[in-house]
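One structure is given here, and the rest of the page talks about it.
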Protein chains: 2
Amino acid sequence: MKKDILIYGICCGLLILVLRLVEYRFLIIDNKLELYGGAVALIFVVLGIWFGSKLAKKKEVIVVKEIKVKEDVPFILNEENLKSVGMSKREYEILEQVAKGLSNKEIADTLSVSENTIKTHTSRIFEKLNVNRRMQAIQRAKEMGLLP
Amino acid sequence: MKKDILIYGICCGLLILVLRLVEYRFLIIDNKLELYGGAVALIFVVLGIWFGSKLAKKKEVIVVKEIKVKEDVPFILNEENLKSVGMSKREYEILEQVAKGLSNKEIADTLSVSENTIKTHTSRIFEKLNVNRRMQAIQRAKEMGLLP
DNA sequence: TTTATCGTCATACTTTCGGGTGATTTTGCT
DNA sequence: AGCAAAATCACCCGAAAGTATGACGATAAA
């Protein structure tokens, strides 16, 4: 940028010098003032345009480029569906454990209850989700927005 | 753009007109040619710069804008992991069926093989995935990018 | 050609699941 | 206090799933 201004200044200086030399030799003598003015105007217009172009802040054209980013859906539990199937908190809790791939025994241990209890729960869960295997239950639950 | 050129032309015309009026009244009379030339130069430089700025080629700046889109990730199978666990095509095929929540019997029927065969396959799959239940196998597989 | 892998199937046994039934206790609400 | 819903547990049975082992043919690699 500074270099441009320097070049511009030098050009102007040289031009003015040339003009001063020229003006006394031809134009004044011929008294063609208009021609002289026109020449000056032309030259400086060209110079100005050139300089203006250089000076011009390049206009930014914002090109929005979409980049697909997988959105970590925070997972909002679909309470509506949860109610509509009439699942209790406890049952949902067990459903979560089932979704982890835990066996009834393991769930029973982690929740400190009998395995039979878990079986009762899972049975009811399957009934409410209208499935008959834990695998299907999980898929169904995910479809319904009950599980992430 | 065309409008700019038009405006520019009109400005030039007006300026020249003004200059012609002025030149005979003051400058010529005073014979201050240099001043006149300087004025013309100055005016046209300014005009040129202004015009040059307008003409300036616009520079495109690509601004990358991340947009979070809920997208169905097309799912690209992680071949690396598939090889690293040493799973065969057939085994992977069965794994997919398992992931659908199908029972061994159902898988056997859809693939037209014996249920025992499926059991053998699943056993090997579990072994390779280092799990011992189909539920866990699916989770493991998903973690490893073997399943969507 | 020999070896290794893969896919197929079978048999036997164990564990886990799911379905059904019934019972007792806890909890929340009126 | 009394009722309804939820949670707990048990027992049984059959089905499904998983474990272990062995076998046989096809095919690809060495």
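Since we're looking at a predicted model, the values are computed, not measured. Quick note: numbers below take in every heavy atom, side chains included, and nothing from hydrogens, waters or symmetry partners. Per chain, numbering begins at 1; letters A, B, ... match sequence-line order.
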| task | Please assess A:Arg124 against A:Glu127 for the test salt bridge (charged side-chain N to carboxylate O under 4.0 Å, His left out), listing each intermediate value before the final yes or no. | result | CA-CA 5 Å; A:Arg124 279 206 259 269; A:Glu127 202 176 334; over 6 Å; no

| query | After noting the C-alpha distance and the side-chain angles of B:Asn104 and B:Arg134, does the key distance pass the side chain to side chain contact (heavy atoms under 4.5 Å, CB included) rule? | reply | CA-CA 10 Å; B:Asn104 289 341; B:Arg134 56 215 290 116; 3.0 Å; yes

| field | Pair B:Met135-A:Leu102, side chain to side chain contact (heavy atoms under 4.5 Å, CB included): steps then yes or no | value | CA-CA 8 Å; B:Met135 305 277 309; A:Leu102 301 179; over 6 Å; no

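Across the interface with DNA chain D, nearest-nucleotide mapping of B:Met135 and B:Arg124 shows B:Met135 to be the residue nearer the 5′ end. Residue B:Met87 is the one, among B:Met87 and A:Lys105, whose nearest nucleotide of DNA chain C lies closer to the 5' end (criterion: closest heavy atom).
Atom CD1 in A:Ile118 sits about 17 Å away from atom C1' in C:dG19, given to the nearest Å. A straight line from CD of B:Glu91 to P of C:dC6 spans 7 Å, rounded to a whole angstrom. As rounded to whole Å, 16 Å separates atom P of C:dG18 from atom NZ of A:Lys128. Whole-Å rounding puts the B:Glu115 CD to D:dA17 P distance at 7 Å. The separation between A:Ile107 atom CD1 and C:dT16 atom P is 13 Å, rounded to whole Å. Here D:dC9 presents its C1' atom at 15 Å from CG of A:Leu111, a figure rounded to the nearest Å. Across the protein-nucleic acid pair, B:Ile138 atom CD1 and D:dG18 atom P stand 10 Å apart, rounded to whole Å. Taking atom NE2 on A:His121 and atom C1' on C:dG18, their separation rounds to 16 Å, with Å as the unit.
Within the structure, every side-chain polar atom (N or O) of B:Asn104 is placed at least 4.0 Å from both OP1 and OP2 of D:dA16. Phosphate proximity of C:dT5 to B:Ser88: absent, as no side-chain N or O sits under 4.0 Å from OP1 or OP2. Contact annotation: A:Thr117 side-chain N/O to D:dC9 OP1/OP2 distance is under 4.0 Å. Phosphate proximity of C:dA10 to B:Asn116: present, with a side-chain N or O under 4.0 Å from OP1 or OP2. Look at B:Ser114 and you'll find a side-chain N or O under 4.0 angstrom from OP1 or OP2 of C:dA10. Proximity of A:Arg133 to the phosphate of C:dG18: no side-chain N or O atom is located under 4.0 Å from OP1 or OP2.
Set against D:dG18, D:dC9, C:dG7, the side chain of B:Phe126 has D:dG18 as its closest nucleotide. Here the nucleotide nearest the side chain of A:Lys119, chosen from D:dA7, D:dC12, C:dG7, is D:dC12. Taking every side-chain heavy atom of A:Ser123 into account, C:dG19 is the closest of C:dG19, C:dG7, D:dA16. The side chain of A:Val113 has D:dT8 as its nearest neighbour among D:dT8, C:dG7, C:dC17.
Taking OG from B:Ser123 and CG from B:Asn132, the interatomic distance works out to 10.5 Å, rounded to the nearest 0.5 Å.
Two residues are said to be in side-chain contact when any heavy atoms from C-beta on lie closer than 4.5 Å; A:His121 and A:Ile107 fail this criterion.
Evaluated for a side-chain contact (heavy atoms from CB on, under 4.5 Å) with B:Leu129, the options B:Glu91, B:Gln136, B:Gln139, B:Met144 yield exactly one hit, B:Met144.
Using a 4.0 Å heavy-atom cutoff across all strands shown, B:Thr120 reaches at least one base atom of the nucleic acid.
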